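Just so it is clear, the model here is predicted, and its values are computed rather than measured. The chains referred to below are lettered A, B, ... by the order of the sequence lines, with proteins before strands, and numbering in each begins at 1.
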Amino acid sequence: MTIFRWLGYTLPTTMDKADQLYKMRHTASHVLAQAVLELFPEAKLAIGPPIDDGFYYDFDLPRSLTPEDLEQIEKRMRRIVKEDLPLVRSEKPRDDARTFVDEKAQPYKVELIDDLPEGETISFYTQGSFTDLCRGPHVESTGKIGAFKLDKVAGAYWRGDEKRQQLQRIYGILYPTQGEVDAYYERLEEAKKRDHRVLGKQLGLFMNSPIIGPGLPLWLPKGATIRRVLERYITDLELDSGYQHVYTPVLAKPELYKISGHWEHYRESMFPVMQIDSEEFVLRPMNCPHHIQIYANDQHSYRDLPVRIAELATQYRYEKSGELSGLSRVRAMCLNDAHIFCTPEQVKAEIKKVVEMVQAAYRKLGITDYSYRLSLHDAKNTEKYVSKPGLWERAENQLREVFADLELPYYEAPGEAAFYGPKIDIQLRNVLGKEETVSTIQVDWHLPEQFKLEYIGEDGQVHQPVMIHRGVISTMERMVSYLIELYAGAFPVWLAPVQAIVLPITDRHTDYANTVATQLKAEGFRVEVDSASERVGKKVAAAESMKIPYMLVVGDRDAAAGNVSVRRRGQQDLGAMPTGDFIQLIKNETAQ
RNA sequence: GCCCACGUAGCUCAGUGGUAGAGCACUUCUUUGGUAAAGAAGAGGUCAUGGGUCCGAUUCCCAUCGUGGGCUCCA
């Protein structure tokens, strides 16, 4: 998996400890800690690992750091680098180690030592007057850490636990040479240009309004067009694959979620109860209970299974304000959702079909860079997960078998399951390198039991079906945000909000331009005419910046011959052709 | 939600303790020009909102709202 794949760069996400870059970054974090300690002698040190692109160190400090502090710290670091202090490793018995850090008034280090397993070697690294608890390895001296720049300060919880002390984390960027550090910032600038929030504004795809609320995006006509095209595509694919599409309301009584378990395990992600007369309602955070009601509306024979109920379903989740981001993390989202009700014997085959549907959809969408994650439960976390030990193992093993059968590479992620069952998550990285779950397939033995779902088996007895929850192209919000970045706004013709724009050369060609547009619209294409009294050069520039796939320049020559002069986005003039030929060309392109 | 930063015209951004500027976009006029931006004029801002300090605040302070980067969480 790479971060800046679209820009032609490859960066390691996991560095080898023996790696020189790992050592440089690790040593740099020690240099940072030394510098901070010199400027703030009362600083308490937490941890400071190397990461992609650089390093960080967490500190507990008496006051908030300012950007000016960062400059001072960086200056101090450069002095330490100049001094070229050798790093010396030493080992101490546990008691000595504990006393040592305790005397230095470093409570976080004491906690770290106390948590080290029995028998573990406890090592320290010393440079000049600074010594830090550390496993290593490091470069030989502080002069050998390469080129770096302190990047930013951020809050971070001690041990990643939001209930514990919040620390100040200083991030640094580090590469062997200054040129590579500069290149990092250039990549960041480039990535920003294809950030879906930037392009969403520039291309008029979506907006937010402060008086509507954060995390509640509005789809503008062009963005709505992309969404509609996707929705039609996936709906047709599902109808062809034996799914039945339904519509269900976004509200429900809390009772529904008390039965499902959302009330107990998912409530902090739900908007609070609204009360009217003597009744209570909540906005749904998921659609499964609604679809379950539809399944339960009829009696089912094993002959009917699997029943596949699908919906482009809007759901509402209360995400913490700081978690919201553009279109990729929102509070109102429309999920390409479906629930498959099947017999235990059918589960594996159904999951395979879903995986294949995901693969087909990704091929169509041009998504090639993704990985499979098997998201498992954490038996210790009873707050997050329903407690049904046998069912978890059964479902998790079924998913492992599917991976084995399909020979798909995957990795396991404990603690990432849904509260009711394990998931196959399909992970993508956005343009800034942030990993996101997009498609997901979940096996669920829990909800059928909670809602006492049944079917009549071949034996005439009542049996309980298994549920598969799945989102193939994810939420419209997240998928579109991803596609904007994947294509840098230059969508393939079938997805482009405007597929062609007709550019009359002078005002007297506007009528002919409208005729051409009408012909294309009659064939079902999305076409606009730029009838401004401007030069073609300017109209071409405008169309290019809106990333419209085809520009059709029309003047006297074209009008006389019934032609259009075709220009393809990002290319030069492709020459004139009869309008009918162009229609055939664009038809061929969108038919794939 | 927490930590830090930011919020100036429709957009991108300058700027200042003495009530504001550029480019693009917009409107009008001239131009009718064959593939990435013709010329001129004009209009457009309670400097996010609400308090406070000050003779005077867009500028300094506080709060609120929003945005961005982290943390936590997640489709």
Side-chain angles (χ1 to χ4, degrees), chain A residues 56 58 61 64-67 69-70 151-171 188 192 195 197-198 201-202 204 208-211 213-214 266 268-269 285-286 315 317-331 333-337 375 384 416 418 423 425-428 432 434-440 442 469 471 473-479 481-482 503-510 533-545 551-558 565-576:
Chain A
Y56 71 76
D58 288 345
L61 296 169
S64 290
L65 292 172
T66 63
D69 289 327
L70 226 52
D151 195 44
K152 62 200 169 199
V153 187
Y157 301 105
W158 169 234
R159 303 215 139 169
D161 185 344
E162 64 180 324
K163 292 182 187 70
R164 303 194 69 175
Q165 179 67 33
Q166 184 157 39
L167 308 168
Q168 296 188 69
R169 175 172 297 177
I170 300 176
Y171 282 95
L188 212 58
K192 232 186 223 165
D195 185 316
R197 292 164 298 189
V198 174
K201 188 178 259 187
Q202 192 183 315
N208 276 95
S209 159
I211 57 167
Y266 206 73
E268 61 182 36
S269 296
M286 292 187 194
Q315 53 193 33
R317 295 184 183 173
Y318 177 75
E319 305 284 357
K320 293 179 189 171
S321 58
E323 294 164 346
L324 302 171
S325 176
L327 222 43
S328 64
R329 193 74 190 276
V330 293
R331 286 175 171 166
M333 68 209 87
C334 179
L335 182 63
N336 161 228
D337 206 1
S375 300
K384 187 171 172 185
E416 296 287 346
K423 315 189 275 176
D425 287 325
I426 292 145
Q427 302 296 108
L428 264 49
L432 293 170
K434 199 172 199 166
E435 190 172 299
E436 287 171 331
T437 300
V438 180
S439 307
T440 173
Q442 307 162 4
H469 308 236
I473 59 167
S474 184
T475 60
M476 296 306 123
E477 287 76 14
R478 185 164 288 182
M479 180 52 79
S481 77
Y482 179 79
L503 310 179
I505 286 173
T506 75
D507 292 347
R508 70 176 180 279
H509 304 116
T510 305
S533 289
E534 287 290 350
R535 289 163 161 72
V536 245
K538 186 162 185 174
K539 295 184 188 184
V540 166
E544 287 282 358
S545 69
M551 285 146 266
L552 308 176
V553 176
V554 294
D556 289 328
R557 299 198 299 260
D558 307 285
S565 292
V566 179
R567 180 187 167 108
R568 169 90 213 198
R569 172 182 63 202
Q571 297 176 20
Q572 297 301 306
D573 188 358
L574 302 181

- Task: Answer with base, sugar-phosphate or nothing: what part of the nucleic acid does A:Y56 contact at a heavy-atom distance below 4.0 Å?
- Result: nothing

For A:Q315, the side-chain hydrogen bond (donor to acceptor under 3.5 Å, both in side chains) test, sequence neighbours excluded, returns A:N287

Practice problem: Determine the contact category for A:S565: base if any of its heavy atoms lies under 4.0 Å from a base atom, sugar-phosphate if only primed atoms, P, OP1 or OP2 are that close, otherwise nothing. | Solution: base

**Carboxylate-amine/guanidinium proximity below 4.0 Å for A:E162 and A:K320** = yes

Rounded to whole Å, CD of A:E416 lies from C1' of B:U72 at a distance of 12 Å

Inset, instruction - Go through the N and O atoms of the side chain of A:R329 and the base of B:C73, and report whether any donor-acceptor pair is under 3.5 Å. - result: yes

Using nucleotides 42-44 of chain B, report all nitrogen or oxygen pairs with the protein that are shorter than 3.5 Å.
none

Does A:S474 get its side chain close enough to the base of B:A75, under 3.5 Å, for a donor-acceptor pair? no

note: A:K539, atom NZ; B:A36, atom P; distance rounded to Å ~ 14 Å

Query - Distance-only donor-acceptor check, side chains A:Q427 and A:T437, under 3.5 Å - result: yes

Going 5' to 3' through nucleotides 5-15 of chain B and flagging B where a protein heavy-atom sits under 4.0 Å of the base, S where only the sugar-phosphate is that close, and - otherwise, we get ------SS---

Is the phosphate of B:G69, meaning OP1 or OP2, less than 4.0 Å from a side-chain N or O of A:R197? yes

Phosphate OP1/OP2 of B:G1 contacted by A:Y318 side-chain N/O (<4.0 Å):
yes

Check: Under the side chain to side chain contact (heavy atoms under 4.5 Å, CB included) criterion, do A:D556 and A:H509 qualify, and how do the steps go?
Finding: CA-CA 7 Å; A:D556 289 328; A:H509 304 116; 2.6 Å; yes

Rounded to whole Å, CG of A:D58 lies from C1' of B:C4 at a distance of 14 Å

### Query
How is A:V153 classified with respect to the nucleic acid when contacts are heavy atoms under 4.0 Å: base, sugar-phosphate, or nothing?
base

On a heavy-atom basis, the closest approach of A:M479 and A:I473 is CB-O, 3.3 Å

Expected output: side-chain A:E544 to main-chain A:G570 donor-acceptor under 3.5 Å: yes

Rounded to whole Å, the CZ-P distance (A:R159 to B:C71) equals 18 Å

- prompt: With no hydrogens and no angle check, is any side-chain donor or acceptor of A:D151 less than 3.5 Å from a backbone partner on A:Y171?
  reply: no

To the nearest angstrom, the CD-P distance between A:E162 and B:C73 comes to 7 Å

Exercise. Describe the nucleic acid contact of A:K384 in one word from base, sugar-phosphate, nothing, applying a heavy-atom distance below 4.0 Å.
Key: sugar-phosphate

All heavy atoms of A:R197 vs all of A:S325, minimum pair found to be NH1-OG, 3.4 Å

To the nearest angstrom, the CZ-C1' distance between A:R567 and B:A36 comes to 6 Å

Taken in chain and number order and not counting sequence neighbours, the residues that satisfy side-chain hydrogen bond (donor to acceptor under 3.5 Å, both in side chains) with A:S481 are none

Scan A:G160 against the nucleic acid and name what it touches under 4.0 Å (heavy atoms): base, sugar-phosphate only, or nothing.
-> sugar-phosphate

Original post:
Can you find an N or O donor on one side and an acceptor on the other, under 3.5 Å apart, linking the side chain of A:E319 with the base of B:A75?
Top reply: yes

Residue set satisfying side chain to side chain contact (heavy atoms under 4.5 Å, CB included) with A:D507, at least two apart, ordered chain then number -> A:S533

Q. Is A:K152 touching bases, backbone alone, or none of the nucleic acid, heavy atoms closer than 4.0 Å?
A. sugar-phosphate

Protein-nucleic acid N or O pairs under 3.5 Å, nucleotides 24-31 of chain B:
from, atom 1, to, atom 2, distance (Å)
B:A25, OP1, A:K538, NZ, 3.2

Quiz item: Counting just side-chain N and O atoms, does A:S321 come under 4.0 Å of either OP1 or OP2 of B:G1?
Solution: yes

Residues passing the side-chain hydrogen bond (donor to acceptor under 3.5 Å, both in side chains) test with A:K423, sequence neighbours excluded, are A:D425

note: A:Y157, atom OH; B:C71, atom C1'; distance rounded to Å ~ 6 Å

Within the structure shown, what part of the strands sits under 4.0 Å from A:S64 by heavy-atom distance: base, sugar-phosphate, or nothing? sugar-phosphate

- Looking at every strand, decide which applies to A:R169 at a 4.0 Å heavy-atom threshold: base, sugar-phosphate, or nothing. sugar-phosphate

Pairing string of RNA chain B (Watson-Crick or G-U wobble, both atom distances under 3.5 Å; | = paired to other strand) is (((((((..((((....[..)))).(((((.......))))).....(((((..]....))))))))))))....

**OP:** Determine the contact category for A:E534: base if any of its heavy atoms lies under 4.0 Å from a base atom, sugar-phosphate if only primed atoms, P, OP1 or OP2 are that close, otherwise nothing.
**Re:** base

Residue set satisfying side-chain hydrogen bond (donor to acceptor under 3.5 Å, both in side chains) with A:D69, at least two apart, ordered chain then number -> A:R63, A:T66

| query | Counting any heavy atom closer than 4.0 Å, what does A:G537 reach on the DNA or RNA strands: base, sugar-phosphate only, or nothing? | reply | sugar-phosphate

For A:K201, the side chain to side chain contact (heavy atoms under 4.5 Å, CB included) test, sequence neighbours excluded, returns none

Taking any heavy-atom pair under 4.0 Å as a contact, classify A:V554: base, sugar-phosphate, or nothing. nothing

From CG of A:L503 across to P of B:U35 the rounded distance in Å is 12 Å

Reckon A:A156 touches a base, only the sugar-phosphate, or nothing at all at heavy-atom distances under 4.0 Å? sugar-phosphate

Across all chains, not counting sequence neighbours, the side chain to side chain contact (heavy atoms under 4.5 Å, CB included) partners of A:P214 are A:L324, A:R331

Please classify the nucleic acid contact of A:R508 as base, sugar-phosphate, or nothing, using heavy-atom distances under 4.0 Å. sugar-phosphate

Distance col, row A:S474:OG vs A:M333:CE, nearest 0.5 angstrom, shows 10.0 Å

Identify whether any heavy atom of A:D558 sits under 4.0 Å from a base atom; if not, whether one sits that close to sugar-phosphate; answer base, sugar-phosphate or nothing. base

Q.
Should the side chain of A:R569 and the base of B:A36 be counted as holding a donor-acceptor pair, with the cut-off at 3.5 Å?
A. no

- Residues A:R169 and A:D58 bridged, charged N to O under 4.0 Å: yes

Residues passing the side chain to side chain contact (heavy atoms under 4.5 Å, CB included) test with A:R535, sequence neighbours excluded, are none

